[in-house]
Amino acid sequence: MPEQPVVKRVRTRHFQNAKDTGVKITGLTSYDMLTADIFDAAGIDFLLVGDSAANNVLGYDTTLPVSTDELLPLTRAVAASVRRAFVVADMPFGSYESGPEAALHTAFRFMKEAEAHAVKLEGGVRSAEQIRRIVDAGIPVMGHIGFTPQSEHGLGGHLIQGRGDAAERLLADAHAVEDAGAFAVVLEMVPSAVAKRVTEELRIPTIGVGAGPHVDGQLLVWTDFAGFTGGRVPKFVRQYANLRETLTTAVTEYRADVASGSYPSADESYDA
Ligand code: KIV
């Protein structure tokens, strides 16, 4: 396994260096200062303040309703809490599709008001002009193709993308994102073999979310990887903890201790 270089602050050039030298890039979502601090200290290379905050923080059913105004404070909290990790702000549905100027306006807000380091937006060929306009203004863009949750109704549900003949369309999307100037591209729910082909054809790094091992980096939604959400998680998620169980046990004990009078004890109380 290639050596992880010591990097004071991750920049876009480190993503490219990683691809060029075969070092894997690691990303997680984060929506708050506490997780951002922990993930950053653990050496996670980039934190995505995903619009998945919609389902994981704000109580929406899908990512569609979440707005820029709702994501800005979460992004600001994450950006303010990292020392090393690169912070990517997700541009929400409806904030960039109408054209390059709308996209640039949203990107400016995330960079100025939240101090993000880059933005991410969904779509390949269809979003290329938006990506180019933002990159031309000096803002790094991470692309996102394959399954794009903001289009879940158009795509007919949570379906794997790029199977069979659709592989060529996925490749065209990947090239469009690269040609528009993105520094990296997320491949979500794509067959392993297709993700491998995209990774071999592109100069920029590919970041997989359910795209198998032959990509340049991996990204997971933190509440999934830490077992916080409960219920079913996608097949590609490996759960590294069961925080839901841990927290449920803790809160149940706390409630019982309060009810029985064993909390607080004399040691946990102030003397006169
Ligand atoms: O919002 C998000 O968490 C995402 C990743 C799953 C790619 O866009």
Side-chain angles (χ1 to χ4, degrees), residues 15 25-32 35-36 39 44-68 70-72 74-75 77-79 85-97 106-107 110 114 116 118-124 127 130-131 140-152 154-155 157-162 170 173-174 177 182-190 195 198 204-212 215-226 228-229 232-239:
F15 282 75
I25 302 158
T26 320
L28 280 174
T29 66
S30 172
Y31 318 107
D32 68 280
T35 57
F39 301 161
I44 297 296
D45 299 308
F46 76 97
L47 299 182
L48 170 68
V49 188
D51 62 352
S52 51
N55 349 42
N56 288 313
V57 177
L58 298 168
Y60 296 120
D61 277 346
T62 71
T63 59
L64 275 76
V66 75
S67 67
T68 301
E70 287 172 305
L71 291 179
L72 277 168
L74 311 186
T75 311
V78 171
F86 190 78
V87 177
V88 182
D90 214 0
M91 308 232 295
F93 180 61
S95 73
Y96 60 92
E97 295 86 340
T106 306
F110 280 109
V119 295
K120 174 171 90 54
L121 55 90
E122 296 186 3
S127 298
Q130 280 88 331
I131 295 173
V141 175
M142 178 177 272
H144 181 169
I145 60 171
F147 175 68
T148 45
Q150 293 172 11
S151 322
E152 73 161 83
L155 294 171
H158 287 241
L159 301 174
I160 292 142
Q161 303 294 308
L170 191 91
D173 277 334
V177 167
F183 72 94
V185 61
V186 170
L187 308 179
E188 181 165 353
M189 285 172 62
V190 169
V198 173
I204 60 171
T206 55
I207 308 291
V209 185
V215 285
D216 301 306
Q218 299 289 338
L219 168 65
L220 283 174
V221 170
W222 93 260
T223 44
D224 288 342
F225 110 106
F228 215 169
T229 25
R232 262 174 56 110
V233 290
K235 163 190 162 90
F236 62 81
V237 174
R238 184 179 297 177
Q239 289 196 311

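For this chain, numbers begin at 1 and follow the sequence in order. In this text, all values refer to a predicted model and were calculated from it rather than measured experimentally. When a ligand or atom number is given, it counts from 1 through the structure's own listing order.
- Proximity of Asp90 to ligand 1, defined as any heavy-atom pair under 4.0 Å, is confined to the side chain (atoms from C-beta onward).
- Close contacts of ligand 1 with Val221, meaning ligand atoms under 4.0 Å from a residue heavy atom, involve 3 (O), 6 (C).
- Proximity to Thr29 (heavy-atom distance under 4.0 Å) selects the following atoms of ligand 1: 3 (O).
- The two residues Pro149 and Leu64 have their closest heavy-atom pair at O-CD1, 3.9 Å.
- Among all protein heavy atoms, the one lying closest to atom 7 (C) of ligand 1 is His144 CE1, 3.5 Å.
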- Task: Just do the side-chain contact (heavy atoms from CB on, under 4.5 Å) check on Thr68 and Phe110 with the steps written out, would you?
- Result: CA-CA 8 Å; Thr68 301; Phe110 280 109; 3.9 Å; yes
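- By the 4.5 Å heavy-atom criterion applied to side chains, Val119 and Tyr96 are not counted as neighbours.
- The protein non-hydrogen atom at the shortest distance from atom 1 (O) of ligand 1 is Asp51 OD1, 2.9 Å.
- Interface atoms of ligand 1 facing Glu188, defined by a heavy-atom separation under 4.0 Å, are 6 (C), 7 (C).
- For atom 8 (O) of ligand 1, the nearest protein heavy atom (residue, atom name, distance) is Lys120 NZ, 3.0 Å.
- Regarding atom 3 (O) of ligand 1, its nearest protein heavy-atom neighbour is Ser52 OG, 2.5 Å.
- Those atoms of ligand 1 with a heavy atom of Leu219 less than 4.0 angstrom away are 7 (C).
- Protein heavy atom at the shortest distance from atom 5 (C) of ligand 1 is Leu48 CD2, 3.8 Å.
- Residues that satisfy the ring-ring contact (aromatic ring centres under 6.0 Å, His included) test with Phe39, not counting sequence neighbours, are Trp222.
- Between the side chains of Glu70 and Ser67, a donor-acceptor pair is found at a separation under 3.5 Å.
- The nearest pair of heavy atoms linking Ala174 to Val198 is CB-CG1, 3.6 Å.
- In terms of modelled atom types and a separation under 3.5 Å, the side chain of Gln218 and the main chain of Gly212 share a donor-acceptor contact.
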